[in-house]
Amino acid sequence: MKQDKKQNYPKKPKKNSKKGLQIFLGKSLPQNIFVTLLIFFIITAVYSLISENISKSDKIALSQLVIEINEGDVSEIVVKGEGLEILYSDGQKKKSKKETATALTDTLVNYGVSLEKLKDVKIEINNPSGFLFWLGNLAPFLIPLLFIIFFIWFLSRQMKGAGMQAFSFGQSKARMIDPKDSSQRVTFNDVAGAKEAKEELIEIVDFLKNPKKFLEIGARIPKGVILMGASGTGKTLLARAVAGEAGVPFFSISGSEFVEMFVGVGASRVRDLFKIAKHTAPAIIFIDEIDAVGRVRGTGVGGGNDEREQTLNQILVEMDGFEPNEKVIIMAATNRPDVLDPALLRPGRFDRRVVIDLPDRNDREQILKIHARAKPFSEDVNLATIAERTPGFSGADLYSLMNEGAILAARENRKKISQFDLIRSIEKVMLGPERKSHILSKREKKITAYHEAGHALIASVLPYADPVHKISIISRGRVAGYTLKLPFEDRKMQSKKEFLDDIAVSLGGYLAEKMVFDDLTTGASNDIQVLTALARNMVTKYGMSEQVGPIALEGDNDRTMFGEGIISKKYSEKVSSEIDTEVAHIIDKAYKNTEHILKTHKQALDAIAEKLVEVETIERNEFEKLLLVNGITPKKKEDIEHS
Ligand code: ADP
Ligand code: ZN
Ligand code: MG
């Protein structure tokens with residue numbers, strides 16, 4: 001039962017980029033061999049069966065032939081080379097073979113044929129024409145032989161394919177985007193917001209377009225630019241835009257593609273990639289998700305992967321080996337700058353750092369406009385409102401919001417996208433699709449209603465909590481119900497008072513369940529995790545505890561940006577227990593506060609929960625009416641600003 005905007009939002013699955021080879025080696029080759037062998041065996045079996053049958057049915061020995069001649073059954077013998085075709089007086093036909101190099105009659109005489117009878121037999125010598133004769137004779141050997149040759153050829157072709165693959169392992173797998181290909185061209189016009197990043201990158205574009213101007217004046221051009229920002233903020237997009245603006249080839253490869261199967265491949269791939277790029281200079285090499293190879297070396301984290309270290313070393317070597325006038329710029333992107341090896345960030349390497357933040361309200365509107373370009377909208381659409389309602393959304397989220405809106409409209413057979421489509425898409429992108437089929441039992445429905453009502457009530461009463469926009473007990477994704485709160489404005493900072501109120505709001509669901517049903521459900525587990533983490537961060541990161549004071553005991557992700565790997569706990573057991581006490585203290589205070597509010601406003605809680613059971617979703621207006629009826633004044637924007 002999530003009650004906040006965006007928490008553990010699933011990451012998009014990575015595209016599988018190394019399919020070609022694996023499919024080939026993993027499955028197809030052995031299968032091919034197997035199939036070929038099978039066909040081969042079947043054909044040889046059938047062939048030998050047929051040829052045996054033919055020869056068995058009507059082949060007779062010479063001695064038998066002599067007996068039959070003596071009995072006067074044979075009327076004619078046709079000699080074809082060594083083969084004998086015997087025609088009987090009763091019309092039968094049989095075959096035999098004579099000895100090589102002796103005449104037929106001699107042979108027959110040797111076998112004791114009666115000369116009398118032999119005279120009655122018509123003997124015809126019919127030496128067959130060369131080609132057919134040879135073919136007929138050779139076919140039994142030739143056909144299997146041909147099969148074997150074909151088979152070997154087929155196999156060797158396969159092997160060659162595999163071999164080529166194996167040899168080309170080292171070759172870079174980079175995809176190149178040609179500047180002349182206008183269908184793939186991305187420019188800065190396709191990227192909204194990210195102003196600082198763009199300004200920084202315009203310089204790079206300028207250099208790539210006009211390297212002479214810079215080199216003549218002796219300016220040192222940055223070799224490496226690293227884009228840092230949360231996933232979906234448009235890092236990849238920006239890198240492509242730089243290439244598009246500059247009109248130079250753009251080689252893009254993902255960090256994870258460097259590392260593959262055989263040791264040493266990553267490093268040789270780097271070498272190839274740089275070689276190719278230097279050939280086509282000016283050019284951009286873009287290493288996406290560089291943290292996959294660029295992690296701090298020698299920590300043993302991630303399996304102490306030698307391959308990765310070699311790849312990283314090779315990148316460093318290549319970057320150092322660059323002449324300043326090489327006109328190749330290396331861009332990289334990461335959403336984990338904290339784990340990067342400090343060697344990468346040293347001057348002369350990725351020394352330009354461009355941070356891309358999540359878009360603010362205005363940027364969000366601009367991004368929405370970009371993705372609205374080719375879509376038909378009805379008149380009621382107001383992108384500013386959508387931007388207002390989507391704090392914390394990344395560019396990628398906004399893109400999929402627009403797309404979901406279009407899908408919704410299309411599904412309902414409308415020609416234009418309406419505002420309502422977009423609003424529904426916000427929640428879909430945030431929480432996953434509605435699961436109408438997931439029907440709660442009556443009791444579950446009531447518990448969920450009280451849980452969400454608890455969150456919503458606390459959020460409405462406490463002064464520093466964000467106001468409620470919507471409450472719903474229709475399950476979505478993995479949550480049974482949700483309370484949507486939206487800040488009046490985008491925030492860059494959060495205060496201690498806000499944190500404390502947020503903790504209380506998180507407890508609202510849990511305590512409402514406990515108070516009303518005298519029981520607890522697993523539905524509150526996510527809330528508890530969130531509030532515990534919040535309280536802990538207050539103590540260990542933000543210095544917001546009276547007892548512990550302004551000491552940062554934990555960095556981001558337990559590592560420093562330029563640090564030397566994992567930093568183990570830097571504090572003593574005593575401090576550790578002090579932290580625990582403080583966390584417990586903060587939560588306890590919020591607990592009492594929440595309990596008190598729920599008790600004083602029990603009437604409002606009941607009203608909200610009942611309404612929820614009835615209508616399942618309450619929007620902001622309706623919710624505020626409910627509050628007013630029960631003696632709570634809804635928050636207004638002005639209250640916050642003046643407090
Ligand atoms: P990242 O590489 O930072 O994870 P991407 O560059 O892959 O993010 O962005 C994914 C998609 O989101 C882009 O293709 C684009 O459609 C959209 N997007 C992200 N940021 C922006 C932006 N600032 N302006 C316009 N579209 C954006
Ligand atoms: Zn909850
Ligand atoms: Mg990316």
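Each residue takes its place number in the sequence, starting with 1. Note that ligands are numbered from 1 as they come in the structure, with each ligand's atoms numbered from 1 the same way.
Checking Thr334 against Glu289 by side-chain atom types alone, no donor-acceptor pair falls below 3.5 Å. In the model, Asn403 has no side-chain atom that pairs as donor or acceptor with a side-chain atom of Ser400 under 3.5 Å. Using a 3.5 Å distance cut-off with no hydrogens or angles, the side chains of Tyr464 and Asp502 do not pair a donor with an acceptor.
With ligand atoms numbered from 1 in the order given, ligand 1 contributes 15 (C), 16 (O), 17 (C), 25 (C), 26 (N), 27 (C) to contacts under 4.0 Å with heavy atoms of His371. Taking every non-hydrogen atom of Asp190 and a distance limit under 4.0 Å, the qualifying atoms of ligand 1 come out as 24 (N), 25 (C). Listed by number with element, the atoms of ligand 1 under 4.0 Å from a non-hydrogen atom of Ser231 are 4 (O).
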task = Could you walk me through whether Ser506 and Asp527 pass side-chain hydrogen bond (donor to acceptor under 3.5 Å, both in side chains), step by step?
result = CA-CA 5 Å; Ser506 296; Asp527 294 337; 5.5 Å; no
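In terms of N/O distances under 3.5 Å, ligand 1 is not approached by Tyr399. Remark: ligand 1 and Leu237 share an N or O pair separated by less than 3.5 Å (distance only, no angle test). Residue-to-ligand polar distances keep Ile367 apart from ligand 1: every N/O pair is separated by 3.5 Å or more. Considering backbone and side-chain N/O of Ala192, one or more are found under 3.5 Å from N/O of ligand 1.
Residues Ile587 and Leu507 come closest through the heavy atom pair O-CD1, 4.0 Å. Heavy-atom minimum distance, Ala449 versus Ala609: CB-O, 3.6 Å. Residue Ala453 comes nearest to Ile608 through the heavy atom pair CB-CG2, 3.7 Å, listed as atom of the first residue, atom of the second, then distance.
Here Arg361 does not pair with Glu365 in a salt bridge; the nearest charged N to carboxylate O distance is not below 4.0 Å. A salt bridge is absent between Lys497 and Asp501; no separation between the charged side-chain nitrogens and carboxylate oxygens falls under 4.0 Å.
For the Zn ion (ligand 2), the set of nearby N, O or S atoms under 2.8 Å includes none belonging to Glu452. Metal site remark for the Mg ion (ligand 3): Ser231 contributes no N, O or S atom at a distance under 2.8 Å.
Distances from ligand 1 to the non-hydrogen atoms of Gly232 include at least one value under 4.0 Å.
For the Zn ion (ligand 2), the nearest N, O or S atom contributed by His451 is named NE2.
Put simply, the angle at the Zn ion (ligand 2) from OD2 in Asp527 to NE2 in His455 is close to 90°, to the nearest 10°.
Contacts between Thr233 and ligand 1 below 4.0 angstrom, taking non-hydrogen atoms only, involve backbone and side chain alike.
Among Ser400, Ala241, Gly234, the residue whose heavy atom lies nearest to atom 9 (O) of ligand 1 is Gly234.
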